[in-house]
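One structure is given here, and the rest of the page talks about it.
Each chain gets a letter, A, B and so on, in the order the sequences are listed, and its residues count up from 1.
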There are 2 protein chains.
Amino acid sequence: MKRRKTPAKEAVLKLLSQRQKAMSHDAIEQEIEVDANRATIYRVLNQFCDDGIVHKVVAEDGKQYFAVCMDCKGEKIPNHHFHFRCTTCDTIECLGESVHFSIPEGYRVKDVNCLLSGTCPDCT
Amino acid sequence: MKRRKTPAKEAVLKLLSQRQKAMSHDAIEQEIEVDANRATIYRVLNQFCDDGIVHKVVAEDGKQYFAVCMDCKGEKIPNHHFHFRCTTCDTIECLGESVHFSIPEGYRVKDVNCLLSGTCPDCT
DNA sequence: AATATTAATGCGACTTTGTTGCAATAATAA
DNA sequence: TTATTATTGCAACAAAGTCGCATTAATATT
Ligand SMILES: [Mn+2]
Ligand SMILES: [Mn+2]
Ligand SMILES: [Zn+2]
Ligand SMILES: [Zn+2]
């Protein structure tokens, strides 16, 4: 499947690139510059995720947040790093800090999801 | 509000105590010994959380998982530890491993949520 | 033991988040 | 300019979770 350049994709990517932080679908839909259907936005976001352009974080509120990660430039499997969610401005950002751990025998780790939450510098 | 002892509460707590692992509402409803309405189970679980009897983990699937944590015995703020989610048997367990991190100036961390996922020893 | 109080329950309606099928549209290739 | 097919909008759907309200039942009181 060859990808096509569309207004919806450009707008989403532009918005996500401007902000340094991860946004929920809801926030994206509100702040985006073009009109786009909910399903379209989700499809665009999921496609970006598949292509490794943006990545997805699920927060403690159970919602998905999407961001263009600064640290992992195109790498398929980026270094596992902490994410920080500000509960005041409701955004998530990537922290440089990487995650270190060791686990008991027998466990096979396929994914790492570490989310700190609180208030960010902008909201203090 | 004084708490009352009811079949639903006893059944949920019994099930959660037997298993070492965190269970979703769905799993609890299926395996519980009494018939209980969905709303009732959620209310019971949330009450337990308020009372500090069980605690809640949100997984990458966006669902809530509930467990009687082994490590934090009644402590209000337990030590931050990793959780592990087996995507095969769909359970979550507390790992002894604690979470270490340092964050930039200006951030105020109020909550820590670290979830590893993959397959557990039982499912290999 | 009978009665009063009110926490807990069941039911249904509702919200939110996210996905999917399908026909119509539009970006790219030929 | 035409053909191909990725993308979109729409509506319907699914899953997770919450809430109002009348009813039930656990505890306290008499
Ligand atoms: Mn990141
Ligand atoms: Mn735990
Ligand atoms: Zn903030
Ligand atoms: Zn398992």
Side-chain angles (χ1 to χ4, degrees), chain A residues 1-16 22-67 85 87 90-92 111 113 115, chain B residues 1-16 22-67 85 87 90-92 113 115 117:
Chain A
M1 252 203 264
K2 286 168 192 168
R3 304 271 118 110
R4 292 179 183 178
K5 194 178 202 176
T6 71
K9 289 186 186 178
E10 288 185 293
V12 168
L13 200 56
K14 182 185 174 190
L15 175 59
L16 247 36
M23 305 172 70
S24 66
H25 160 271
D26 197 48
I28 293 172
E29 189 171 47
Q30 281 183 7
E31 304 189 30
I32 209 174
E33 284 173 344
V34 301
D35 274 340
N37 184 265
R38 185 171 71 259
T40 299
I41 297 182
Y42 273 118
R43 279 189 278 232
V44 164
L45 288 169
N46 286 330
Q47 196 178 75
F48 285 159
C49 285
D50 289 343
D51 296 347
I53 298 172
V54 316
H55 63 169
K56 183 194 295 184
V57 180
V58 175
E60 329 86 292
D61 61 4
K63 295 200 302 185
Q64 304 177 344
Y65 289 75
F66 302 87
R85 172 167 176 247
T87 53
D90 198 41
T91 54
I92 299 180
D111 198 16
N113 231 302
L115 185 62
Chain B
M1 252 202 266
K2 287 167 193 169
R3 305 270 119 111
R4 293 180 182 175
K5 193 178 203 175
T6 71
K9 289 187 188 178
E10 289 185 293
V12 168
L13 199 56
K14 181 185 174 189
L15 175 60
L16 248 36
M23 304 172 71
S24 66
H25 159 270
D26 197 48
I28 293 172
E29 189 171 48
Q30 282 184 6
E31 304 191 28
I32 209 174
E33 284 174 342
V34 301
D35 274 340
N37 185 265
R38 184 173 69 257
T40 298
I41 295 181
Y42 274 116
R43 280 189 280 234
V44 163
L45 289 169
N46 287 330
Q47 197 179 72
F48 285 157
C49 286
D50 290 342
D51 297 348
I53 299 172
V54 316
H55 66 168
K56 185 193 296 186
V57 179
V58 175
E60 329 89 293
D61 61 3
K63 295 200 302 182
Q64 305 175 345
Y65 290 74
F66 302 87
R85 170 164 177 251
T87 52
D90 197 41
T91 55
I92 299 180
N113 234 301
L115 185 62
S117 60

Item to check | Audit row: B:V12, B:F48, side chain to side chain contact (heavy atoms under 4.5 Å, CB included) steps and yes/no | outcome: CA-CA 10 Å; B:V12 168; B:F48 285 157; 4.0 Å; yes
Next on the checklist: The test is side chain to side chain contact (heavy atoms under 4.5 Å, CB included); show your working for A:N46 and A:F66 and say whether it passes.
Outcome noted: CA-CA 9 Å; A:N46 286 330; A:F66 302 87; 4.3 Å; yes
Item to check | Where at least one partner belongs to residues 22-44 of chain B, residue pairs that pass ring pair (Phe, Tyr, Trp, His ring centres under 6.0 Å), sequence neighbours excluded | outcome: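 Only B:H25-B:Y42 qualify under ring pair (Phe, Tyr, Trp, His ring centres under 6.0 Å).
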Between [atom2] on [N] and [atom1] on [X], what's the gap in Å once rounded to a whole number?
X: B:I32; N: C:dT9; atom1: CD1; atom2: C1'; result: 13 Å
X: B:I41; N: D:dG17; atom1: CD1; atom2: P; result: 12 Å
X: A:K9; N: C:dA26; atom1: NZ; atom2: C1'; result: 12 Å
X: A:D50; N: C:dT19; atom1: CG; atom2: C1'; result: 14 Å

Using the test side-chain hydrogen bond (donor to acceptor under 3.5 Å, both in side chains), find all partners of [X] that sit at least two apart in sequence or belong to another chain.
X: B:D61; answer: B:Y65, B:R85
X: B:S117; answer: B:E60
X: A:N113; answer: none

Checklist entry - Looking only at side-chain N and O atoms, does A:Q47 come under 4.0 Å of OP1 or OP2 in D:dA6? => result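 Answer no for this pair, as no side-chain N or O of A:Q47 is under 4.0 Å from OP1 or OP2.
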Checklist entry - Can you name the residues that form a side chain to side chain contact (heavy atoms under 4.5 Å, CB included) with A:Q47, not counting sequence neighbours? => result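 Once residues adjacent in sequence are excluded, the partners of A:Q47 under the side chain to side chain contact (heavy atoms under 4.5 Å, CB included) criterion are A:R3, A:K9, A:D51.
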Checklist entry - Rounded to the nearest 0.5 Å, how far apart are CG of B:L45 and OG1 of B:T40? => result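 The distance works out to 10.5 Å.
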Next on the checklist: Within this structure, what is the CD-CG distance for the pair A:E31 and A:L15, rounded to the nearest 0.5 Å?
Outcome noted: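 CG of A:L15 is found 6.0 Å from CD of A:E31.
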N/O to N/O distances under 3.5 Å, protein versus nucleotides 16-18 of chain C:
from   : atom 1 : to    : atom 2 : distance (Å)
C:dT17 : OP1    : A:K63 : NZ     : 3.2
C:dG18 : OP1    : A:Q64 : N      : 2.7
C:dG18 : OP2    : A:Y42 : OH     : 2.4
C:dG18 : O5'    : A:Y42 : OH     : 3.2
C:dG18 : O6     : A:R38 : NH2    : 3.1

Checklist entry - What does nucleotides 20-30 of chain D look like as a protein-contact string, B for base, S for sugar-phosphate only, - for none, at under 4.0 angstrom between heavy atoms? => result B----BBS---
Next on the checklist: When the axes are fitted on five pairs at both termini, how much does the helix from C:dA1-D:dT30 to C:dA30-D:dT1 curve, in 10° steps?
Outcome noted: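 The angle separating the two end axes equals 30°.
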Next on the checklist: What contact category does B:E29 fall into here, base, sugar-phosphate, or nothing, at under 4.0 angstrom with non-hydrogen atoms?
Outcome noted: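 Nothing, no nucleic acid heavy atom in range.
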Checklist entry - Which part of the nucleic acid, if any, lies within reach of A:D35 when heavy atoms closer than 4.0 Å are counted: base, sugar-phosphate only, or nothing? => result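 Sugar-phosphate, backbone atoms only, no base.
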Checklist entry - Hey, mind stepping through A:L16 and A:M23 against side chain to side chain contact (heavy atoms under 4.5 Å, CB included) and telling me if it holds? => result CA-CA 8 Å; A:L16 247 36; A:M23 305 172 70; 3.9 Å; yes
Next on the checklist: Tell me which pairs pass salt bridge (Lys or Arg N to Asp or Glu O under 4.0 Å) where either residue lies in residues 33-46 of chain B, with sequence neighbours left out.
Outcome noted: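 Output for this query lists B:K14-B:E33.
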